[in-house]
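Below: the structure, in C-alpha cells.
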Amino acid sequence: MLEELKQAVWEANMELPRRNLVTFTWGNVSGIDRKAGLFVIKPSGVEYEELTPQMLVVMDLDGNRVEGELNPSSDTPTHLELYKAFTEIGGIVHTHSPHATAWAQAGRAIPCYGTTHADYFYGDIPCARNLTSEEIEAGYEENTGKSIIEVFQDKNPVYVPGVLCKNHGPFAWGKDAAQAVYHAVVMEEVAKMNLMTELLNSNADCRTPKCMLDKHFMRKHGPNAYYGQGK
C-alpha cells in the first residue's frame with residue numbers, strides 16, 4: 001500500500017541525520033496521499049540506521065492505523081491535526097534541531113533578518129504558546145497541533161511553512177515530504193544566522209525591510225516568480 005509514498009517519506013526521513021537535524025531518534029517525517037485520505041509516518045523510537053520503507057506506518061485521517069506492525073510516531077496526532085487544517089500541504093517534519101529549538105525554548109519567533117529567510121518564509125517564523133496543564137493531560141500531541149493552527153488563523157501556511165512550539169521545537173511542512181525537510185533545513189540555518197546576528201548587533205533593528213522581503217519571497221513564490229529555470 002502506498003509504496004511510492006513510503007519510499008519518498010523514507011528518503012525524507014533519512015535526510016534528517018544527513019542534514020544534522022536530528023540526534024538519536026529526535027525527529028520524524030510524514031507525507032500524505034490526499035486522494036486516498038491516508039498518510040505515511042515514521043514509527044516511534046526506531047533508529048534511523050535501522051529504518052526501512054517497509055517499517056513506515058500508514059494512518060487515516062481519523063487517526064486509525066491502516067497498515068504497519070509498529071507504533072507510529074508519538075507526534076502522529078500533531079501531524080494529523082495539521083493535515084486536516086492545512087489542506088494545501090503534503091508533508092510534515094518535526095525535529096529538535098538545536099538552533100531552532102533554542103528559539104523555541106526562549107519562546108521567541110524567528111524574525112526575518114535577511115534575504116535567506118525571505119526567500120522561503122514570508123515574514124517571521126511564529127512561536128506557538130505553551131499548552132495549559134489541562135491541554136497536556138487531555139491530549140498533548142493533538143493539542144500541540146491545535147496550538148499551531150491557532151497561530152495560523154491570520155497566516156498563510158504555504159507562505160510561512162513552519163513554526164516553533166514553545167519549550168519544544170520546530171515543525172515544518174511543504175508540498176511533499178522532501179520539501180518539508182528542505183524548509184526544516186532552512187529554518188535551522190536561519191535560526192543559527194539570527195543567533196549570530198544578535199550576538200554581533202544586539203542594539204539595532206536588524207529586520208529586513210518590507211520591500212526587500214516582498215521582492216525576495218515573491219520572485220520565488222509569487223504569481224510572477226522568475227527565480228530558477230522555469231517550467
Side-chain angles (χ1 to χ4, degrees), residues 12 15-16 19-22 27 29 78 82 85-86 88-130 144-145 147-228:
E15 276 293 293
L16 298 186
R19 300 291 180 176
N20 298 315
L21 292 182
V22 297
V29 183
T78 308
L82 297 181
F86 302 158
E88 311 95 325
I89 69 174
I92 299 169
V93 57
H94 170 53
T95 76
H96 290 253
S97 59
H99 294 90
T101 300
W103 286 82
Q105 291 180 171
R108 290 186 58 187
I110 301 176
C112 184
Y113 282 167
T115 60
T116 309
H117 183 134
D119 278 340
Y120 299 97
F121 292 86
Y122 191 45
D124 295 358
I125 301 169
C127 185
R129 63 174 174 83
N130 266 330
T144 295
S147 74
I148 294 170
I149 295 161
E150 182 182 294
V151 171
F152 278 82
Q153 293 302 307
D154 61 348
K155 294 178 177 60
N156 183 340
V158 175
Y159 278 16
V160 183
V163 69
L164 304 175
C165 293
K166 192 165 186 261
N167 300 119
H168 186 179
F171 283 82
W173 47 81
K175 65 182 180 182
D176 53 27
Q179 190 183 61
V181 172
Y182 194 102
H183 289 149
V185 173
V186 174
M187 192 191 306
E188 176 63 10
E189 289 299 310
V190 167
K192 179 165 58 175
M193 291 175 187
N194 280 14
L195 175 61
M196 291 187 283
T197 299
E198 294 201 356
L199 288 171
L200 288 166
N201 189 357
S202 61
N203 297 317
D205 184 1
C206 304
R207 285 184 177 276
T208 304
K210 180 67 162 53
C211 59
M212 186 177 288
L213 169 63
D214 290 346
K215 181 65 175 179
H216 271 263
F217 188 83
M218 292 303 172
R219 72 175 186 166
K220 280 194 171 185
H221 308 284
N224 299 311
Y226 62 86
Y227 180 89

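Just so it is clear, the values below take in all heavy atoms, side chains as well, and ignore hydrogens, waters and symmetry mates. Start at 1 with the first residue, then count along the sequence.
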Task: Trace of the side chain to side chain contact (heavy atoms under 4.5 Å, CB included) decision for Phe171 with Cys165 - done: CA-CA 8 Å; Phe171 283 82; Cys165 293; 3.9 Å; yes

As an exercise, state the distance from [atom1] of [X] to [atom2] of [Y], rounded to the nearest 0.5 Å.
{"X": "Asp119", "Y": "Arg219", "atom1": "CG", "atom2": "CZ", "value": "5.5 Å"}
{"X": "Ile110", "Y": "Arg108", "atom1": "CD1", "atom2": "CZ", "value": "10.0 Å"}
{"X": "Asn194", "Y": "Trp103", "atom1": "CG", "atom2": "CH2", "value": "5.0 Å"}
{"X": "Ile89", "Y": "Asp176", "atom1": "CD1", "atom2": "CG", "value": "11.0 Å"}
{"X": "Met193", "Y": "Glu188", "atom1": "CE", "atom2": "CD", "value": "10.5 Å"}
{"X": "Arg129", "Y": "Glu150", "atom1": "CZ", "atom2": "CD", "value": "4.5 Å"}

Hey, are the side chains of [X] and [Y] touching, using non-hydrogen atoms and a 4.5 Å cut-off?
{"X": "Glu88", "Y": "Lys175", "answer": "no"}
{"X": "Arg207", "Y": "Asp124", "answer": "yes"}
{"X": "His117", "Y": "Thr208", "answer": "no"}
{"X": "Cys127", "Y": "Lys166", "answer": "yes"}
{"X": "Val190", "Y": "Tyr113", "answer": "no"}
{"X": "Phe152", "Y": "Pro126", "answer": "yes"}
{"X": "Met218", "Y": "Asn224", "answer": "no"}
{"X": "Tyr182", "Y": "Arg19", "answer": "no"}

Closest contact, heavy atoms only, [X] versus [Y]:
{"X": "Val160", "Y": "Trp173", "result": "O-CZ2, 3.5 Å"}
{"X": "Gly162", "Y": "Ile125", "result": "O-CG2, 3.7 Å"}
{"X": "Cys112", "Y": "Leu213", "result": "SG-CD1, 4.1 Å"}
{"X": "His221", "Y": "Tyr120", "result": "NE2-CA, 4.1 Å"}
{"X": "Thr144", "Y": "Ser147", "result": "O-OG, 2.7 Å"}
{"X": "Leu164", "Y": "Ala100", "result": "CD2-O, 3.6 Å"}

- [ ] With side chain to side chain contact (heavy atoms under 4.5 Å, CB included) as the test, would you mind laying out the steps for His99 and Met196 before giving the verdict?
- [x] CA-CA 11 Å; His99 294 90; Met196 291 187 283; over 6 Å; no

Task: Pair Tyr122-Lys155, side-chain donor/acceptor within less than 3.5 Å - done: no

Open item on the list: Does Lys220 have more than 12 heavy atoms from other residues, nucleotides or ligands lying within 6.0 Å of its NZ?
Closed with: yes

Open item on the list: Here's a test for you: under side-chain contact (heavy atoms from CB on, under 4.5 Å), which of Val93, Thr95, Leu21, Ile92 qualifies with Val29?
Closed with: Val93

